[in-house]
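Quick note: numbers below take in every heavy atom, side chains included, and nothing from hydrogens, waters or symmetry partners. Throughout, protein chains are lettered first and strands after them, A, B, ... in sequence-line order, and every chain is numbered starting at 1. All of these numbers come straight from a predicted model, not from anything done at the bench.
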Number of protein chains: 2
Amino acid sequence: MLYTLQRIYVQGETMSGHLQNLSETAPFRSCNHEFKVSCETCRLSRICLPLALNSTDLEQLENIIQRSKPLQKNELLCHEGAPFQSIYAVRSGAMKAYRTTSDGREQVTGFYFPGEILGMDGISESAHASSARALETSAICAIPFDSLEKLSALMPGLQRHLFQLLSREITEDQLLITLLSKNSADERVATLLLSISRRNARRQLSASQFRLPMSRVDIGNYLGLTVETISRAFSRMQKSGILRVDNKEIEILNHEALQLAANIPA
Amino acid sequence: MLYTLQRIYVQGETMSGHLQNLSETAPFRSCNHEFKVSCETCRLSRICLPLALNSTDLEQLENIIQRSKPLQKNELLCHEGAPFQSIYAVRSGAMKAYRTTSDGREQVTGFYFPGEILGMDGISESAHASSARALETSAICAIPFDSLEKLSALMPGLQRHLFQLLSREITEDQLLITLLSKNSADERVATLLLSISRRNARRQLSASQFRLPMSRVDIGNYLGLTVETISRAFSRMQKSGILRVDNKEIEILNHEALQLAANIPA
DNA sequence: TCGGCGCCATGATGCAGATCAACAGAGGTC
DNA sequence: GACCTCTGTTGATCTGCATCATGGCGCCGA
């Protein structure tokens with residue numbers, strides 16, 4: 001592997017000293033140690049950023065990550081237009097990302113669950129392209145991007161992983177574009193439920209029973225539909241025995257039928 | 001600057017030797033020298049990948065870029081699912097990217113003009129997530145991604161630029177998502193025309209008079225509308241004196257009115 | 001305990017854009 | 001020049017979702 005040949009380690013002090021006290025994001029000023037949870041012990045480490053790192057590299061990544069007190073429901077993590085400094089990893093809870101249209105309306109561009117990374121749209125303009133808000137009490141890790149950038153130049157595995165993260169965001173946006181452009185209301189709702197179900201499974205949670213962290217308004221906004229349409233879609237699917245819906249509690253009773261409703265061929 | 005301190009140059013032979021004969025993409029097997037146009041003399045260099053590089057770095061980038069004979073209209077550049085090896089820069093002509101839905105229909109995800117980069121959605125899965133097809137005779141530069149990755153670990157400017165490119169793709173996809181989710185047919189069409197106009201201006205071409213390289217079907221597909229609706233939108237705008245439309249030839253007669261039609265506040 | 005508010009569900013109606021259909025013009029082939 | 005196919009335009013009709021309106025339920029503070 002050419003990779004390992006090129007690999008260069010920068011020894012402790014020098015590098016991490018530089019990296020540690022770089023940029024700070026507003027809510028992350030508070031003393032780090034209070035909320036210290038190492039990536040190594042975090043049960044999300046296998047699906048989050050640390051994914052591809054050995055323990056030496058992990059320690060360096062560890063040093064730049066900032067943790068702070070959890071965000072309360074509806075609290076803002078970052079605001080579009082604000083200077084871009086960090087990308088964020090969700091540790092617990094759930095977030096929504098949205099951007100404000102020229103006429104002042106909101107467009108929800110994504111929901112983010114534990115282990116997922118958001119805020120990468122800010123890189124290109126050095127300013128956040130979208131805002132992020134907590135859907136429920138959420139713990140967030142902030143990762144100063146210029147530190148991450150420098151680290152990733154030294155760790156090929158990390159660089160590769162970052163490229164992949166950004167690329168994945170692109171393909172997911174493309175899926176949403178396709179969904180909005182080609183699918184009916186019911187198909188969109190079914191697809192979202194399947195997506196949430198799959199992401200729950202990834203975190204060892206139930207794929208068939210969960211609580212939606214977002215409101216019907218947010219779902220409608222995300223899927224390009226009105227609240228009423230979302231509500232009716234849920235009702236229809238409940239009536240046809242695909243789901244059991246109790247407010248935000250969802251139970252998928254027939255996974256195959258839901259896939260069919262999402263227009264995904266078996 | 002911490003950047004320059006970390007900068008490491010790998011001398012000619014060793015590195016470039018490694019980098020040159022790595023991955024090959026199907027249409028790029030033919031002898032390179034036939035279509036040799038250096039980035040340095042390419043008039044797109046200021047808006048394309050070389051953007052942030054000095055001449056030393058540029059030479060190294062130069063060495064990994066593969067050029068081949070131009071693609072004919074409708075010719076395929078890459079196919080979704082095919083192993084990902086390169087990202088592509090459009091040198092001349094125009095491309096469309098699209099992905100095939102589970103039920104076999106196409107979703108156009110973007111149009112790409114000279115100086116623009118496509119294919120970055122393939123990074124995350126090591127396989128192209130979308131296909132790309134020439135809308136007219138087009139010259140393409142293929143940039144093997146693993147070589148680019150290695151180079152970018154050595155050139156912070158290049159690494160930064162790549163992150164920005166990926167990030168820009170994300171924000172552009174988000175804009176399309178918003179467009180599809182919130183805007184009327186006329187607004188979508190007007191927005192696309194403004195986008196093409198702006199991108200023409202960037203290449204020193206006329207912002208008010210141009211030829212659309214794509215069909216009405218492609219436009220409709222991209223904007224989540226039918227051909228008929230596109231056609232009617234054009235007719236309406238022509239009738240109201242915003243545009244002159246002659247088949248694929250477009251003249252923007254009233255830029256402000258077009259922005260208004262796109263729902264962009266003055 | 002009550003009233004107010006946010007969130008959700010459901011019915012009635014309207015409309016933008018899809019669908020269906022017919023035709024016109026451009027460009028290619030024989 | 002005759003013919004065909006492909007692409008785009010325009011009209012008539014249909015429909016899925018938006019819009020408008022109403023009411024129920026859970027939650028919170030007074």
Side-chain angles (χ1 to χ4, degrees), chain A residues 72-74 96 101 103 105-108 133 135-137 179-193 211-240 243-250 261-263, chain B residues 72-74 96 101 103 105-108 133 135-137 179-193 211-240 243-250 261-263:
Chain A
Q72 292 306 304
K73 182 174 173 171
N74 288 327
K96 74 167 172 180
T101 63
D103 55 346
R105 289 174 301 170
E106 252 182 40
Q107 172 65 46
V108 174
R133 196 178 285 277
L135 292 169
E136 55 192 37
T137 307
L179 196 67
L180 291 173
S181 158
K182 295 257 184 303
N183 293 94
S184 71
D186 284 18
E187 287 166 349
R188 296 184 209 184
V189 172
T191 303
L192 176 62
L193 290 178
R211 182 184 160 79
L212 296 173
M214 71 293 279
S215 70
R216 302 285 194 269
V217 179
D218 287 335
I219 295 178
N221 192 318
Y222 176 68
L223 296 177
L225 299 165
T226 58
V227 208
E228 293 93 328
T229 303
I230 302 300
S231 200
R232 284 186 242 271
F234 277 140
S235 299
R236 271 192 295 268
M237 290 188 200
Q238 169 141 262
K239 211 161 284 172
S240 64
L243 300 177
R244 203 183 48 73
V245 182
D246 176 17
N247 212 327
K248 306 207 167 190
E249 293 293 337
I250 300 287
N263 201 8
Chain B
Q72 293 305 305
K73 181 173 174 175
N74 288 326
K96 74 165 174 182
T101 62
D103 54 346
R105 289 174 301 171
E106 254 181 38
Q107 173 64 46
V108 174
R133 196 180 285 277
L135 292 168
E136 55 192 37
T137 308
L179 195 69
L180 292 174
S181 160
K182 294 258 184 304
N183 293 94
S184 71
D186 284 18
E187 288 166 349
R188 295 183 209 184
V189 173
T191 303
L192 176 61
L193 289 178
R211 182 185 161 77
L212 296 173
M214 71 293 279
S215 70
R216 301 286 195 268
V217 179
D218 286 334
I219 295 177
N221 193 319
Y222 177 68
L223 295 177
L225 299 166
T226 58
V227 207
E228 294 93 328
T229 303
I230 303 300
S231 199
R232 284 186 241 270
F234 277 141
S235 300
R236 271 191 296 268
M237 290 187 198
Q238 169 141 260
K239 210 161 283 171
S240 64
L243 299 178
R244 202 181 51 69
V245 182
D246 175 17
N247 210 327
K248 306 207 166 187
E249 292 294 335
I250 300 286
N263 201 9

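- Within a 6.0 Å radius of NZ in A:K73, no more than 12 heavy atoms belonging to other residues, nucleotides or ligands are found.
- Rounded to whole Å, atom P of C:dC8 lies 9 Å from atom CG of A:D218.
- Between the CG atom of A:N183 and the C1' atom of C:dA18 there is a distance of 15 Å, rounded to whole Å.
- Following rounding to the nearest Å, A:L180 (CG) and D:dA18 (P) show an atom-to-atom distance of 12 Å.
- D:dG16 atom P lies 18 Å from atom CG of B:L225, rounded to whole Å.
- Under a 4.0 Å N-O distance rule, the pair A:K96/A:E106 qualifies as a salt bridge.
- One interatomic measurement links the two molecules: CD of B:E249 to C1' of C:dG25, which rounds to 16 Å at whole-angstrom precision.
- With hydrogens and angles disregarded, no donor-acceptor distance shorter than 3.5 Å links the side chain of B:R216 to the backbone of B:T229.
- Looking at B:D186 and B:S184, their side chains never bring a donor and an acceptor atom within 3.5 Å of each other.
- Here the nucleotide nearest the side chain of A:S231, chosen from C:dC20, D:dC17, C:dT10, is C:dT10.
- Between B:T229 and C:dA18 there is a side-chain polar atom (N or O) within less than 4.0 angstrom of OP1 or OP2.
- Using modelled atom types, one side-chain atom of A:S240 and one backbone atom of A:R236 make a donor-acceptor pair closer than 3.5 Å.
- The base of C:dG11 sits within donor-acceptor range of the side chain of A:R232, with an N or O pair under 3.5 Å.
- Atom CG of B:D186 and atom C1' of C:dA16 are 10 Å apart (whole Å).
- Nucleic acid contact class of A:S235 (heavy atoms, under 4.0 Å, all strands): sugar-phosphate only.
- Taking atom CG of A:N247 as the reference point, atom C1' of D:dG26 lies 8 Å away to the nearest angstrom.
- Taking 4.0 angstrom as the limit, B:T226 places a side-chain polar atom (N or O) nearer than this to OP1 or OP2 of C:dA18.
- When rounded to the nearest whole Å, the span between CG of A:D246 and C1' of D:dC25 equals 11 Å.
- Each of A:E228 and A:A185 was assigned the nucleotide of DNA chain D with the nearest heavy atom; the assignment lying further toward the 5' end belongs to A:A185.
- As judged by a 4.0 angstrom heavy-atom cut-off over every strand, A:G220 is placed among residues making no nucleic acid contact.
- Of the candidates C:dC8, C:dC20, D:dG8, C:dC8 carries the atom nearest the A:R216 side chain, counting heavy atoms from C-beta on.
- Looking at heavy-atom distances under 4.0 Å, A:I230 makes no contact with the nucleic acid at all.
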